[in-house]
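Have a look at the structure below before the remarks.
Everything numeric here is computed off the predicted structure, so don't read it as measured data.
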Amino acid sequence: MMTTSTKPEFVYTTYIRTTRAKLWSALTTDEVVPRYWFGNAVKSSWGQGDAVQSFDQDDGTLDWDGEVLESNPPSKLVFTFRVQGVPEKASRVTYLIEPADPDFGPTGDAIKFTVIHDDFAKDSQIVQGVSRGWPGILSNLKTMLESDTDTPLGLRWKHREE
């Protein structure tokens, strides 16, 4: 029987010079997501209970899928994350979009964006991959929003053996 961990396995916080509404739109607009998510499509209607699916840019196969657990625009989005071909339970991704704290960090037109990826199976195979993948995705997202440049790091991530 698989058990879950009791603490987040991956937490990443960054400040982005944008608005909460623009960040929410970038996270939830099908046509925008491939610009920063290594070219992969992530599709959903983003309402509670809706399916979330990510498709590989090269062959269009389903890469990962999940379900929206909470959708509170423009401040919080929570969904499950289950990688195809990996026999373990779905983990959970939480996006928190907050105004930047004026006493710490950037002020003005910046927002604080935190991604928490947790609820992994014990001895998860997925943790290592998402710990490598999220920083690139989030760096691409930040640069795209601040400079309107697509996939600025030129990164590609594959969780499957090639």
Side-chain angles (χ1 to χ4, degrees), residues 1-16 18 20 23-98 111-145 151 153-162:
M1 178 177 180
M2 291 187 165
T3 60
T4 60
S5 63
T6 58
K7 65 176 182 61
E9 295 291 339
F10 179 86
V11 178
Y12 191 100
T13 299
T14 189
Y15 291 89
I16 303 174
T18 191
R20 289 168 55 176
L23 176 55
W24 183 270
S25 180
L27 295 170
T28 61
T29 302
D30 291 354
E31 299 77 27
V32 175
V33 173
R35 291 179 62 192
Y36 61 86
W37 201 295
F38 308 125
N40 291 1
V42 178
K43 298 186 178 291
S44 180
S45 297
W46 299 108
Q48 186 171 344
D50 289 343
V52 182
Q53 297 178 309
S54 176
F55 298 92
D56 185 87
Q57 71 168 341
D58 295 325
D59 61 14
T61 58
L62 185 63
D63 191 35
W64 62 266
D65 68 340
E67 178 184 341
V68 177
L69 301 175
E70 184 178 344
S71 182
N72 185 13
S75 58
K76 187 176 184 182
L77 184 62
V78 182
F79 57 93
T80 59
F81 184 96
R82 183 175 53 103
V83 176
Q84 297 302 299
V86 179
E88 63 185 56
K89 74 175 198 71
S91 54
R92 178 180 54 222
V93 176
T94 301
Y95 293 157
L96 299 174
I97 304 168
E98 306 168 284
I111 55 92
K112 179 182 176 183
F113 181 44
T114 302
V115 175
I116 302 166
H117 197 147
D118 64 356
D119 199 25
F120 292 100
K122 184 176 181 183
D123 301 322
S124 173
Q125 299 174 38
I126 303 303
V127 174
Q128 184 179 9
V130 301
S131 294
R132 288 190 327 255
W134 277 121
I137 291 166
L138 298 174
S139 293
N140 287 345
L141 174 63
K142 177 180 171 62
T143 301
M144 182 196 75
L145 286 168
T151 316
L153 298 178
L155 296 173
R156 293 196 55 213
W157 172 71
K158 295 287 233 180
H159 73 274
R160 297 185 198 106
E161 295 297 321
E162 299 214 11

Residues two or more places apart in sequence or in another chain: which of them pass side chain to side chain donor-acceptor pair (under 3.5 Å) with Thr114?
Thr13
Could you grab the distance from atom OG1 of Thr61 to atom CG of Asp56, nearest 0.5 Å is fine?
4.5 Å
List the steps, then state whether side chain to side chain contact (heavy atoms under 4.5 Å, CB included) holds for Lys89 with Asp119.
CA-CA 9 Å; Lys89 74 175 198 71; Asp119 199 25; 3.2 Å; yes
Using 0.5 Å steps for rounding, measure from the OH atom of Tyr36 to the CG atom of Asn140.
10.0 Å
Minimum heavy-atom separation for Tyr12 and Ser139, please, with both atom names.
OH-OG, 4.1 Å
Considering only heavy atoms from C-beta outward, does the side chain of Ser124 approach that of Glu88 to under 4.5 Å?
yes
In this structure, CG of Asp63 is separated from OG of Ser54 (nearest 0.5 Å) by 5.0 Å
Could you pull out all residues at least two apart from Val93 that satisfy side chain to side chain contact (heavy atoms under 4.5 Å, CB included)?
Phe79, Phe81, Tyr95, Val115, His117, Trp134
List in chain and number order the residues that pass side chain to side chain donor-acceptor pair (under 3.5 Å) with Thr28, two or more places apart in sequence or in another chain; answer none if no residue qualifies.
none
Could you tell me whether a side-chain N or O of Thr94 sits under 3.5 Å from a main-chain N or O of Val78, the two making a donor and an acceptor?
no
Measure across Phe120 and Val127 and return the closest heavy-atom pair with its distance rounded to 0.1 Å.
CG-CG2, 3.4 Å
Side chains of Ile111 and Thr18: does their closest heavy-atom pair fall under 4.5 Å?
yes
Write down the atom of Val33, the atom of Leu27, and the distance for their closest heavy-atom approach.
CG2-O, 3.8 Å
Can you see which heavy atom on Leu23 is nearest to which on Leu145, and at what distance?
CD1-CD1, 3.7 Å
With sequence neighbours excluded, give me every salt bridge (Lys or Arg N to Asp or Glu O under 4.0 Å) pair touching residues 72-82.
Asp65-Arg82, Glu70-Lys76
Counting C-beta onward and ignoring hydrogens, is there a side-chain heavy-atom pair between Val86 and Trp64 closer than 4.5 Å?
no
Sidechain-backbone polar pair: Lys112 side chain, Ile97 backbone, donor-acceptor under 3.5 Å
no
If you apply the rule side chain to side chain contact (heavy atoms under 4.5 Å, CB included), what do you find for Val32 with Met144, and how did you get there?
CA-CA 10 Å; Val32 175; Met144 182 196 75; 3.7 Å; yes
Rounded to the nearest 0.5 Å, how far apart are CD of Gln48 and CG of Leu77?
10.5 Å
Could you pull out all residues at least two apart from Thr80 that satisfy side chain to side chain donor-acceptor pair (under 3.5 Å)?
none
So Leu138 and Phe113, side chain to side chain contact (heavy atoms under 4.5 Å, CB included) or not? Walk me through it.
CA-CA 9 Å; Leu138 298 174; Phe113 181 44; 3.6 Å; yes
Quick one: does Val68's side chain get under 4.5 Å of Ser44's, heavy atoms only?
yes
Between Glu98 and Ser75, do the side chains contain an N or O donor and an N or O acceptor separated by less than 3.5 Å?
no
State, yes or no, whether a side-chain contact exists between Gln53 and Leu62 at a heavy-atom distance under 4.5 Å.
yes
Checking Arg92 now: which residues fulfil side chain to side chain donor-acceptor pair (under 3.5 Å) with it, not counting sequence neighbours?
Asp118
If you look at every heavy atom in Trp37 and Ile137, which pair is closest and at what distance?
CE2-CD1, 3.6 Å
If you look at every heavy atom in Trp24 and Ser71, which pair is closest and at what distance?
CZ2-OG, 3.7 Å
